[in-house]
K.L.:
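If you scroll down you'll find the structure; I have some questions about it.
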Amino acid sequence: MSFFEQDGIISGLGISQIGRRTAIPGLDLTLEAARAAIQDAGLTPADIDGIITFGDTHPTDVVAGLGNQATEVGFGFATGGVITPVMSALLAVSERRARHVLVYRTVAMLGGVMTDQPVSPMLNPLSDPPVEPRTPGQRRKLKPFEDLDELMAAHAYSAANWLALHCRRHMELYGTTKEQLGWLAINSRRNASLNPLAAFRDPMTMDDYLGSRPVSSPFGLFDCDVPIDGSIALIVSHADYAPDCPNPAVRVEAIGGAYGSGGWFHRDDFPKMASVEAAAEMWSRTDLKPTDVDVAELYDGFTFLTLAWLEALGFCADGEAGPFVEGATRIALDGELPLNTYGGQLSAGRLHGYWLLHEACLQLRGQAGDRQLVRRPEVAVAAAGGGPIAGSMLLTC
């Protein structure tokens, strides 16, 4: 059985300059990344017939800035969380509504908001799960962010507070330790030292990690992602363009998304999150297995989210992610599952899942520079999101 995502490829990659408090307008960063991606794909702005984003720079401004006539323009924020625009682009090329679609994400240190623009059904690749009947006493499945009023009433004002609840529960259930979280931060910093664009590249020790100021217990400063200014752009093309790509085409093997199951903390299986459903859907659309994955680029807005993705994707059993990452040997560049090879959001910077997708493609293309894996990977997973929204993609080259 084939699925629509297999009709698409990622043909071009672009990244803007990255910095902190640069005051560079978002449109300028977006156009810098977009033009780089278009050139990387061997195309011109006139070849781009679709533009989809997750915010902040409005697509119509990008159309004007590029001077093209793209007709498929939208936002695509729905089922797959932050990477739904990529999934939406794959659907567009599969249905031949477009041949080359520009997808981008642009953030600023005090920006990076999610758009509340409605999503066209034609741009939404996966439908919301149907409403399921409930037995007496069973919790109602909430839509994303529906339970924010309850969190606010408890003075939990930040995602750091909300994910800290998940992390603390995981610690209570499985014995996960603060030091195990620290190995994720240390591994990311080690990888970031090989990435010239990363925001923070200085070495980090466990003492540095444990000594960082508290944010929301058990999270400290180094458990949290690094705000930056920057933009990532991708070109999603129909697979028939692959022979003409100047760089190796990255093929999309499978995707999965989840939107709203249980809200932030109303799941019967708490502390699990929407990543469980997203991963299950992705694996249901391929014959590949977790053991086939050569490199993993997993969301790390907070360290615990990476542990959750490792378990959701089946790289280890429930409760075993802490021991899996301990010592940071299995997840090192020369380990059995290299993880967040560019430095992740914990050290390279927060680009809401798009830098990890960019890095997965670079690794598959053999173009990751000093951090390129010695054995060029053939299968990569990129997964983004947490809480009630999540999306994952399995990529091959």
K.L.:
V101 and I51: which non-hydrogen atoms are nearest, and at how many Å?
P.N.:
CG1-N, 4.1 Å

K.L.:
Output the distance between atom CG (L181) and atom OG1 (T176), rounded to the nearest 0.5 Å.
P.N.:
7.5 Å

K.L.:
So with a 6.0 Å cut-off around CD of E378, is the heavy-atom count from everything else above 12?
P.N.:
no

K.L.:
Working to the nearest 0.5 angstrom, can you tell me the gap between L394 CG and M282 CE?
P.N.:
5.0 Å

K.L.:
In terms of hydrophobic clustering (I, L, V, M, F, W, Y; side-chain heavy atoms under 4.5 Å; direct or indirect links), are I235 and L29 co-clustered?
P.N.:
no

K.L.:
Would D40 and R365 pass as an ion pair if we require N to O under 4.0 Å?
P.N.:
yes

K.L.:
Run the salt-bridge test on E5 and R285 with the 4.0 Å N-O cut-off and return the result as yes or no.
P.N.:
yes

K.L.:
Using modelled atom types and a 3.5 Å cut-off, is there a donor and acceptor pairing between side-chain atoms of R105 and backbone atoms of T53?
P.N.:
no

K.L.:
Under a 3.5 Å cutoff, is there a donor and acceptor pairing between the side chains of R201 and S193?
P.N.:
no

K.L.:
Given side-chain hydrogen bond (donor to acceptor under 3.5 Å, both in side chains), test E253 with T286 step by step and report yes or no.
P.N.:
CA-CA 7 Å; E253 171 68 19; T286 178; 2.8 Å; yes

K.L.:
Kindly compute the distance separating CE (M152) from CG (D147), expressed to the nearest 0.5 Å.
P.N.:
10.5 Å

K.L.:
Between T106 and T30, do the side chains contain an N or O donor and an N or O acceptor separated by less than 3.5 Å?
P.N.:
yes

K.L.:
Give a yes or no on this: more than 12 heavy atoms of other residues, nucleotides or ligands lie within 6.0 Å of atom CZ of R21.
P.N.:
no

K.L.:
If you take all heavy atoms of A192 and S347, which pair is closest and at what distance?
P.N.:
CB-CB, 3.6 Å

K.L.:
Verify the ring-centre separation between Y342 and W355: is it less than 6.0 angstrom?
P.N.:
yes

K.L.:
I'd like to check L356 versus L298 (side-chain heavy atoms, cut-off strictly below 4.5 Å). Are they in contact?
P.N.:
no

K.L.:
Which donor-acceptor pairs under 3.5 Å do side chains of residues 317-335 form with protein atoms, sequence neighbours excluded?
P.N.:
{"unit_1": "D318", "atom_1": "OD2", "unit_2": "K272", "atom_2": "NZ", "d": "2.8"}
{"unit_1": "E326", "atom_1": "OE1", "unit_2": "Q180", "atom_2": "NE2", "d": "3.2"}

K.L.:
Treat each ILVMFWY residue as a node, draw an edge where side-chain heavy atoms are under 4.5 Å apart, and state whether F4 and W283 are in one component.
P.N.:
yes

K.L.:
Hey, can you tell me if H100 and Y241 have their rings parallel, tilted or perpendicular (30° and 60° cut-offs)?
P.N.:
perpendicular

K.L.:
Count the heavy atoms of every other residue, nucleotide or ligand shown that sit under 6.0 Å from CD of Q39, and state whether that count exceeds 12.
P.N.:
no

K.L.:
Can you tell me how far apart CG (D300) and CH2 (W309) are? Round to the nearest 0.5 Å.
P.N.:
12.5 Å

K.L.:
For residues V236 and V93, report the shortest heavy-atom separation together with the two atoms involved.
P.N.:
O-CG1, 3.8 Å

K.L.:
Which pair of heavy atoms, one from M87 and one from G256, lies closest together, and at what distance?
P.N.:
CE-O, 3.3 Å

K.L.:
Ignoring hydrogens and geometry, is there a side-chain-to-backbone donor-acceptor pair from Q367 to L362 under 3.5 Å?
P.N.:
no

K.L.:
Side chain of Q345, backbone of H352: donor and acceptor closer than 3.5 Å?
P.N.:
yes

K.L.:
Looking only at atom types and distance, does a side-chain atom of S94 sit under 3.5 Å from a main-chain N or O of L90, one as donor and one as acceptor?
P.N.:
no

K.L.:
In sequence, state the C-alpha distance, the side-chain angles, and the governing distance for I18 and L351, and then conclude on side chain to side chain contact (heavy atoms under 4.5 Å, CB included).
P.N.:
CA-CA 10 Å; I18 301 295; L351 267 165; 4.1 Å; yes

K.L.:
Which pair of non-hydrogen atoms, one from D223 and one from P218, has the smallest distance, and what is that distance?
P.N.:
OD2-O, 3.9 Å

K.L.:
Applying a strict under-4.5 Å side-chain criterion to I, L, V, M, F, W and Y, I'd like to know whether L66 and I24 cluster together.
P.N.:
no

K.L.:
State the CD-OG1 distance between E311 and T306, to the nearest 0.5 angstrom.
P.N.:
11.5 Å

K.L.:
Just do the side chain to side chain contact (heavy atoms under 4.5 Å, CB included) check on V63 and N68 with the steps written out, would you?
P.N.:
CA-CA 6 Å; V63 169; N68 74 350; 3.5 Å; yes

K.L.:
To the nearest 0.5 angstrom, please state how far the CG atom of L337 sits from the CG atom of L313.
P.N.:
9.5 Å

K.L.:
Check whether any side-chain heavy atom of V62 sits under 4.5 Å from a side-chain heavy atom of H58, and report yes or no.
P.N.:
no

K.L.:
I'd like to check D370 versus N195 (side-chain heavy atoms, cut-off strictly below 4.5 Å). Are they in contact?
P.N.:
no

K.L.:
Side chain to side chain contact (heavy atoms under 4.5 Å, CB included), that's the test. Do L373 and V295 meet it? Break it down for me.
P.N.:
CA-CA 9 Å; L373 302 181; V295 61; 3.9 Å; yes

K.L.:
Just by modelled atom types, is the T22 backbone N or O under 3.5 Å from a matching donor or acceptor in the D229 side chain?
P.N.:
yes

K.L.:
With heavy-atom distances below 4.5 Å as the criterion, would you say the side chains of R251 and L395 are in contact?
P.N.:
no

K.L.:
So does S231 get a backbone contact from the side chain of S16, meaning a donor-acceptor N/O pair under 3.5 Å?
P.N.:
yes

K.L.:
Testing D47, D240, D49 one by one against R99 for a side-chain hydrogen bond (donor to acceptor under 3.5 Å, both in side chains), which residue passes?
P.N.:
D240

K.L.:
Restricting to non-hydrogen atoms, name the atom on A249 and the atom on C245 that form the minimum distance, rounded to 0.1 Å.
P.N.:
CB-SG, 4.2 Å

K.L.:
Does any pair with a residue in residues 176-230 pass ring pair (Phe, Tyr, Trp, His ring centres under 6.0 Å), and if so which ones, sequence neighbours excluded?
P.N.:
F219-F302

K.L.:
Please check: side-chain N/O of N191 versus main-chain N/O of L339, any donor-acceptor pairing under 3.5 Å?
P.N.:
yes

K.L.:
Would a 4.5 Å heavy-atom cut-off, applied to side chains only, mark E297 and P338 as touching?
P.N.:
no

K.L.:
Can you find a heavy atom in the side chain of R189 that is under 4.5 Å from one in the side chain of L346?
P.N.:
no

K.L.:
Among the clusters formed by ILVMFWY side chains lying less than 4.5 Å apart, do L310 and Y174 turn up in the same one?
P.N.:
no

K.L.:
Test your reading of the model: is there a side-chain donor-acceptor pair from R376 to the backbone of L364, 3.5 Å cut-off?
P.N.:
yes

K.L.:
Quick one: are I38 and P45 in side-chain contact, heavy atoms under 4.5 Å?
P.N.:
yes

K.L.:
Is there a side-chain contact between L43 and I48 (heavy atoms, below 4.5 Å)?
P.N.:
yes

K.L.:
Let me see the working for L13 and N247 under side chain to side chain contact (heavy atoms under 4.5 Å, CB included), right down to the final yes or no.
P.N.:
CA-CA 10 Å; L13 304 172; N247 293 292; over 6 Å; no

K.L.:
Are any side-chain N or O atoms of Q363 and backbone N or O atoms of T341, one a donor and one an acceptor, separated by less than 3.5 Å?
P.N.:
no

K.L.:
Could you please spell out the steps behind the side-chain hydrogen bond (donor to acceptor under 3.5 Å, both in side chains) verdict for N161 and S216?
P.N.:
CA-CA 6 Å; N161 306 138; S216 184; 3.0 Å; yes

K.L.:
Linking I/L/V/M/F/W/Y whenever their side-chain heavy atoms sit closer than 4.5 Å, directly or via other members, would L305 and V276 fall into one cluster?
P.N.:
no

K.L.:
May I ask you to check whether S217 and R168 show a side-chain donor-acceptor distance below 3.5 Å?
P.N.:
yes

K.L.:
Under 3.5 Å, is there a donor-acceptor pair between the side chain of H166 and the main chain of W264?
P.N.:
yes

